[in-house]
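As the structure is a prediction and not an experimental result, all values here were calculated from the model. In what follows, chains carry the letters A, B, and so on, assigned in the order in which the sequence lines appear, proteins first and then strands, with residues in each chain numbered from 1.
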Amino acid sequence: MRYSEMFIPTVREVPSDAEIVSHQLMIRAGLIRKLTSGIYSFLPLGLKVIRKVEQIVREEMNRSGAQEVFLPAVQPAELWQESGRWKMYGKELLRFKDRHNREYCIGPTHEEVITDLVRNEVKTYRQLPKNLYQIQTKFRDEIRPRFGVMRCREFSMKDAYSFDADWEGVDVSYQKMFDAYSTIFTRCGLKFRAVEADTGNIGGSFSHEFMVIADSGEDALVFCSVCEYAANIEKAEVAKPEKIPIDPAPLPVMEIVHTPDVRTIEEVSAFLRVTPQDIVKTLVFEADGTPVAVLVRGDEEVNEAKLRGYLGCDALELATDDTVLKVTGSPKGFAGPVGIKARTIADYSLMNRVHMVTGANREDYHATNVNMGRDFTVKEFADLRMVKETDTCPRCKNPLNFARGIEVGHTFKLGTKYSKQMRATFLDSNGQEKEMVMGCYGIGIGRTVAACIEQNNDTKGIIWPMFIAPYHVILTPVNVKDPLIMEAALKLYQRLTDDAIEVILDDRDERAGVKFNDADLIGIPLRVTIGHKRLSEGKVELKIRKTGEEKVFTIEDALEFIRRTVRE
RNA sequence: CGGGGCGUAGCGCAGCUUGGUAGCGCGCCUGCUUUGGGAGCAGGAUGUCGGAGGUUCAAAUCCUCUCGCCCCGACCA
């Protein structure tokens, strides 16, 4: 297309409210514009990239045997009440009423709708398995949208849902999606990693996140330096230590010490001259309204996602001051396991500790020489803490690496959570009614584009991988008023277009510098400069955006080179 | 929701403390020159100073309310 006719509003200055490169560059290169908080318009160049990613997604989904559908964005409250998520989902679910005062929401995800569809149509095991997907606009009323299209409220997502007759079936469906995702992100030119993940409020038993490795990523990841183990930090396991038998009898007896106004781990360790490792951190949580005390070594942090998983609860938060008072008999800062009135779970980090320091469950007092099995007993031990740099791989004990990542895809083995709740059943070969076993699989389209920019840019702008570049080539006639130059440019343009190569002809009456800078900014992989110097020898210059490499070609050789490079 | 910041020309900002002519850079328009890495000169257009109310002879500036946006935190498939 001719640049002069296109709508590519580039901007020279870095937008002041854009924090990360991809957001800055998407605005600067004229891919997106913000309408309102967390809601963006895609401009022609941005849309072209989106369509390319969608195309790759469609091809791979279809190849895996999934079929495309298109579900409604507006969904009735009844379905969400049926699944139980009308209450569970919270404020992120955008709800509204129609003129008849009936309640609706704008779909943040489509488990309810798809389950409803499938339960109405699928009656027998002969119709299974099925995998249906769509690419659709979702809305999640994020508390704080940020980073442009990376974390916005309205966004496009590919979501797929698999329905199987049994657990062996869902394993197959899940693996197909996992493989399709790997292919998709590879084709998008991304460096990514699939990690084990927490299932959050979607639920289910098993899940992977596809993470694009980037320092600006919002998630922290852990992966083994040797084996295949990789996990979101929320999920990352800590190996259970060996139990060493300890006879507490000969140890010094527990003492109650006056510790006025000494509450935090730092204060206690300074006041009593002990290390944080000697202290037991006692945290009181409320899990679905019931108080639970969690014990962890003073230098460790409780991982709430793990705790939620262990307890199998929906709502989990740190207890209020009132609850702490009720459970411990003292204000916050003096809780301890001795005599606490709540279910008590200890992290593995306390397993072999002796003569510990704990809160005394009495204001301004701590206890020392506290020993498990003598001064208090713990029935439950579990892995509840955050991993840290000094931990080793839970599978093979080799060192762990830490990185940050952008979640571009998420796969869940849902099991029967929705089919049970919404009675999506079928008759098996014995005539028995059974619940379908489901999986669900998402890819954030816009986020994938942003992540790609995050990984492929330099000080001049975006560097698109060829597969998702909005155009393959940009032709830059240095002076549009020179008839010879324009003639050559138009001829090249025609030849390339005939070969189905996507090309921009920068026919703007601008100085060469302006054109070069725009070409670099919008990141077109190949640029052909047509100027009088080379043209007088029948040649043109070809510059590769990624490497900065410049080649001088005859027009025929340039055509050949472009064809080859684009097809690779 | 808590803490902080910002709304002035299309964009980026100054002016506000101490009330009195609304300004700068970029962009835009016209003309001439220039034409291989964001040109030069000359001329020009553009504002409900986010909105409402108040104080005042007079408000971008002071006061009250309100809306929007951004950052940090909590939150989050």
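Taking only side-chain nitrogens and oxygens, A/Arg12 never comes nearer than 4.0 Å to OP1 or OP2 of B/G38. For A/Thr36, a side-chain nitrogen or oxygen approaches OP1 or OP2 of B/C69 to under 4.0 Å. Proximity of A/Ser37 to the phosphate of B/C70: a side-chain N or O atom is located under 4.0 Å from OP1 or OP2. The phosphate of B/C1 has neither OP1 nor OP2 within less than 4.0 Å of any side-chain N or O from A/Lys91.
Among A/Val11, A/Ile8, A/Leu25, A/Ile462, the one residue that satisfies the side-chain contact (heavy atoms from CB on, under 4.5 Å) test with A/Leu521 is A/Leu25.
Summarising the geometry, the separation between CD on A/Glu142 and C1' on B/C70 is reported as 16 Å, rounded to the nearest angstrom. Whole-Å rounding puts the A/Leu318 CG to B/C75 P distance at 9 Å. One interatomic measurement links the two molecules: CZ of A/Phe147 to P of B/C72, which rounds to 6 Å at whole-angstrom precision. Per the geometry, CZ belonging to A/Arg144 stands 11 Å off C1' belonging to B/C75, to the nearest Å. If you measure from atom CZ of A/Arg508 to atom P of B/A39, you get 12 Å, rounded to the nearest angstrom. Atom pair A/Ile143:CD1 and B/C1:P shows a separation of 11 Å (rounding to whole Å applied). Going from atom CD of A/Glu19 over to atom C1' of B/C6 covers 14 Å, rounded to whole Å. If you take CG of A/Asp509 and P of B/U33, they are 13 Å apart, rounded to a whole angstrom.
Of the N and O atoms on the side chains of A/Ser162 and A/Tyr441, at least one donor lies less than 3.5 Å from an acceptor on the other residue. A donor and an acceptor atom, one from each side chain of A/Asp159 and A/Tyr161, are located under 3.5 Å apart. A donor atom on one side chain and an acceptor atom on the other are found under 3.5 Å apart for A/Thr323 and A/Thr320. Between the side chains of A/Glu435 and A/Ser419, no donor N or O sits under 3.5 Å from an acceptor N or O.
Nucleic acid contact for A/Val11: none, since no nucleic acid atom lies under 4.0 Å from a heavy atom of the residue. Across all strands, A/Thr529 comes closer than 4.0 Å to base atoms (heavy-atom distances). Within 4.0 Å of A/Glu407, counting heavy atoms only, lie sugar-phosphate atoms of the nucleic acid but no base atom. Looking at heavy-atom distances under 4.0 Å, A/Asp159 makes no contact with the nucleic acid at all. Among the heavy atoms of the strands lying under 4.0 Å from A/Arg527 is at least one base atom, whether or not backbone atoms are also near. Contacts of A/Pro108 with the nucleic acid, taken as non-hydrogen atoms under 4.0 Å apart, include base atoms. Base engagement by A/Lys481 is indicated by at least one non-hydrogen atom pair under 4.0 Å involving a base atom. As judged by a 4.0 angstrom heavy-atom cut-off over every strand, A/Gly531 is placed among the base-contacting residues.
Base pairing analysis places B/U48 opposite nothing; no Watson-Crick or G-U wobble pair with both distances below 3.5 Å involves it. Pairing for B/C6 goes to B/G68, judged as Watson-Crick or G-U wobble with the two contacts each under 3.5 Å.
No hydrogens or angles were tested; on distance alone, a donor-acceptor pair under 3.5 Å links the side chain of A/Asp520 to the base of B/G37. The base of B/G38 has none of its N or O atoms less than 3.5 Å from a complementary donor or acceptor on the side chain of A/Lys460. A/Glu510 contributes no side-chain N or O that forms a donor-acceptor pair with the base of B/G38 under 3.5 Å.
Remark: the separation of the P atoms in B/G12 and B/U48 is 16 Å, to the nearest Å. Comparing the P positions of B/G44 and B/G51 gives an interatomic distance of 29 Å, to the nearest angstrom. When the C1' atom is compared between B/U17 and B/C57, the two are found 23 Å apart, to the nearest whole Å. Rounded to a whole angstrom, the distance from the P atom of B/U30 to that of B/G73 is 48 Å. The P atoms of B/C70 and B/G54 are separated by 32 Å, rounded to the nearest whole Å. B/U46 and B/G23 are spaced 12 Å apart, taking the P atom of each and rounding to whole Å. Across B/A42 and B/G25, the matching P atoms stand 12 Å from one another, rounded to whole Å. Spacing between B/A58 and B/G19 at atom C1', rounded to whole Å, works out to 8 Å.
Classification of B/U17 as anti follows from a glycosidic angle more than 90° from 0.
Remark: A/Glu541 engages A/Arg534 in a side-chain hydrogen bond (donor to acceptor under 3.5 Å, both in side chains) (not counting sequence neighbours). For A/Asp17, the side-chain hydrogen bond (donor to acceptor under 3.5 Å, both in side chains) criterion is met by no residue, not counting sequence neighbours.
Using cut-offs of 30° and 60° for the angle between ring planes, the A/Phe206 and A/His208 rings count as perpendicular.
Of the residues near RNA chain B, A/Leu535 and A/Glu92, the one whose nearest nucleotide (by heavy atom distance) lies more toward the 5' end is A/Leu535. Remark on RNA chain B: of its neighbouring residues A/Lys543 and A/Gly38, the 5'-side contact belongs to A/Lys543, judged by nearest-heavy-atom nucleotide.
Candidate nucleotides B/C71, B/G36, B/U35 were compared by shortest atom distance to the side chain of A/Arg146, and B/C71 ranks first. Here the nucleotide nearest the side chain of A/Lys533, chosen from B/A39, B/G36, B/G38, is B/G36.
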